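Take a look at the structure below.
Here is the naming used below: chain letters follow the sequence lines, and residue numbers restart at 1 for every chain. These figures come from a predicted structure and were not determined experimentally.
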Amino acid sequence: MPELPEVEIIRRGLEQLAVGRAIAEVSCSEPRSFPGFSPSVASTIIGTAITTIDRRGKLLIAHLDNGYSLLIHLRMTGQLVFRPAKKRLQATREQDPFASNADDGSFGGGHPNASLIRDLPDKTTRVIFRFSDDSQLYFNDQRKFGSIRMVPRSEVADDSFMQRLGPEPLLEDFTWQELKDRLPLNSRQPVKAALLDQSVIAGIGNIYADESLFGAGIHPLRPVLSLSDNDIERLHESIRCCLQQSIDDGGSTARNYVDSQGMRGEYLDLHAKVFNRTGQTCCRCGHTIEKTRVAGRGTHICPRCQK
DNA sequence: CACTTGACCTGTCCGC
DNA sequence: TGCGGACAGGTCAAGT
C-alpha cells in the first residue's frame with residue numbers, strides 16, 4: 001500500500017535510474033494495468049525518453065519527450081522496479097546486488113538492504129518498459145488495482161483524479177490553517193476518514209493516518225467537528241513529521257512495498273508507534289496497543305493516549 | 001445530503 | 001493436508 005512516502009521514494013529512485021533512457025519496447029500483459037494500451041499506444045511510446053518524474057499525492061507522473069505523460073497509480077500492491085541490463089558475464093554474488101537468492105527464499109540472504117524481489121519478470125509483472133541499453137522497468141501488481149494511463153502532458157493538470165487532490169502535506173506552504181480550511185469542520189465524520197480523503201490532503205493512507213493521529217494524541221473516531229484549533233495544529237505537525245520520517249527511513253513495507261531497486265522500507269520497524277503493533281505496549285504510556293475498525297479500515301490506537 | 005459499505009483482485013493466514 | 005473464509009486497503013460506485 002504505497003502512500004506518499006513510498007511513492008516519493010520510488011520517484012527519487014526512478015529519477016536517478018530511468019530518466020533520460022530511451023524506451024525501446026513496451027509490453028502489457030494485463031489490460032486492466034494499462035487501459036487503452038494498443039500497438040498504436042506502444043508505438044507512440046517507443047523511441048521516447050522519460051524527461052522528468054513528478055509526484056502528486058500517491059500518483060507518479062512520468063513526462064515523456066513526445067508530449068505525453070504516464071500517470072501511474074500503484075494502489076495497493078503496485079511496484080515499479082528498475083533492473084539494469086543483464087551483464088554478459090555472470091557477476092559474483094558479492095558484487096552484484098541483483099544476484100538471485102532464490103535458494104533460501106529469504107530477503108536477500110537476510111541482509112536488510114538486499115533486494116526483496118528476485119527474478120523479473122514474475123507472475124505479477126503487468127507492464128514492461130525496456131530501454132535501449134537493455135535495462136528494464138517492471139510494473140508489477142499482484143492485485144491488478146494499479147494502473148498506467150497515457151495522457152497528453154497539456155491535459156495532466158485537468159485530469160479528474162489530479163483535480164480532486166488536496167494540498168501536498170510536505171510543501172512549505174501547507175500550514176495548519178490550510179488543513180483547517182480543508183477539513184469538513186461541520187461534519188461528524190471520523191477524523192480518520194477525513195485524513196484518508198485525498199481531497200482533504202493528498203497522499204495519506206492507512207498507515208500514516210494511524211501514525212499521525214497517534215502522534216497528535218487524537219482518537220481516530222473523533223468527529224471532525226469536535227477538533228479544536230490546537231488539535232488541528234498538533235495533527236498538522238504530526239502528519240508532516242510522520243511522512244518526512246518515513247521518507248528518511250525509505251518508506252513502509254507492510255506487505256509488499258519495495259522501492260525502485262526492490263528494497264524494503266524501514267519506517268515500520270524503526271519509527272512506527274502503533275501501526276501493525278497490536279498487543280504491544282504503547283511507547284508513551286505503556287498501555288496495550290489495540291486494533292479496531294474505523295472508516296472500514298483496520299485501525300491501530302493507544303486507547304489511553306488518544307482521546 | 002452525509003456517511004457507510006461493497007466491488008475490484010489475489011495471496012496469505014487461520015481455524016476446522 | 002486441504003478447504004473455506006476472513007483479511008489486507010486505494011478509490012469509486014452504490015447503498016443506507
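Contact annotation: the side chain of A:Q79 never approaches that of A:L74 to less than 4.5 Å [non-hydrogen atoms, C-beta and beyond].
A:S187 comes within contact range of the sugar-phosphate backbone alone, with a heavy-atom separation under 4.0 Å but no base atom that close. Nucleic acid contact for A:G146: none, since no nucleic acid atom lies under 4.0 Å from a heavy atom of the residue. Nucleic acid contact class of A:F275 (heavy atoms, under 4.0 Å, all strands): sugar-phosphate only. Residue A:R126 is classed as having no contact, given no heavy-atom separation below 4.0 Å to the nucleic acid.
Going from atom CG of A:N256 over to atom P of B:dC9 covers 18 Å, rounded to whole Å. The CD-P distance, from A:Q142 to B:dC8, rounds to 18 Å in whole Å. Counting to the nearest Å, the P atom of B:dC9 and the CG atom of A:L74 are 18 Å from each other. For the pair A:H300 NE2 and C:dC7 C1', the computed distance is 12 Å after rounding to whole Å.
Contact check, A:K144 against B:dT10: a side-chain N or O comes under 4.0 Å of OP1 or OP2. Remark: A:T124 is not in phosphate contact with B:dT10, judged by side-chain N or O atoms under 4.0 Å from OP1 or OP2.
B:dG11 and C:dT11: their P atoms are spaced 22 Å apart (whole Å). Separating the P atom of B:dG6 from that of C:dA6 is a span of 12 Å, rounded to the nearest Å. For the C1' atoms, the distance linking C:dG10 with B:dC13 amounts to 22 Å, nearest Å.
Comment: A:E30 engages A:K144 in a salt bridge, judged by a side-chain N to carboxylate O separation of less than 4.0 angstrom. Salt bridge status for A:E3 with A:K58: absent, with no side-chain N to carboxylate O gap under 4.0 Å. Under the 4.0 Å criterion applied to side-chain N and carboxylate O atoms, A:E15 and A:R12 are not assigned as salt-bridge partners. With salt bridges taken as basic N to acidic carboxylate O contacts below 4.0 Å, none links A:D54 and A:R11.
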Revision key, fill the gap. B/S/- along nucleotides 10-16 of chain C (protein heavy atoms under 4.0 Å) is BBS----
Exercise for review: Would you sort out whether A:D210 and A:K192 count as a salt bridge (Lys or Arg N to Asp or Glu O under 4.0 Å), showing the intermediate values?
Suggested key: CA-CA 8 Å; A:D210 281 5; A:K192 175 164 177 174; 2.6 Å; yes
Practice item. Check the pair A:S246 / A:Y208 against side-chain hydrogen bond (donor to acceptor under 3.5 Å, both in side chains), numbers first and verdict last. Key: CA-CA 9 Å; A:S246 182; A:Y208 303 104; 2.5 Å; yes
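Nearest nucleotide to the side chain of A:R255, out of B:dC3, B:dC9, C:dA8: C:dA8.
Checked against the 6.0 Å centroid criterion, the rings of A:Y267 and A:F275 do not qualify as a close aromatic pair.
Every stem involving DNA chain B, taken as at least 3 paired positions in a row under the Watson-Crick or G-U wobble test at 3.5 Å, is listed here: B:2-8 with C:10-16, B:10-16 with C:2-8.
Remark: A:R284 is positioned above the aromatic ring of A:F214, its terminal NZ or CZ atom under 6.0 angstrom from the ring centre and at most 45 degrees off the axis.
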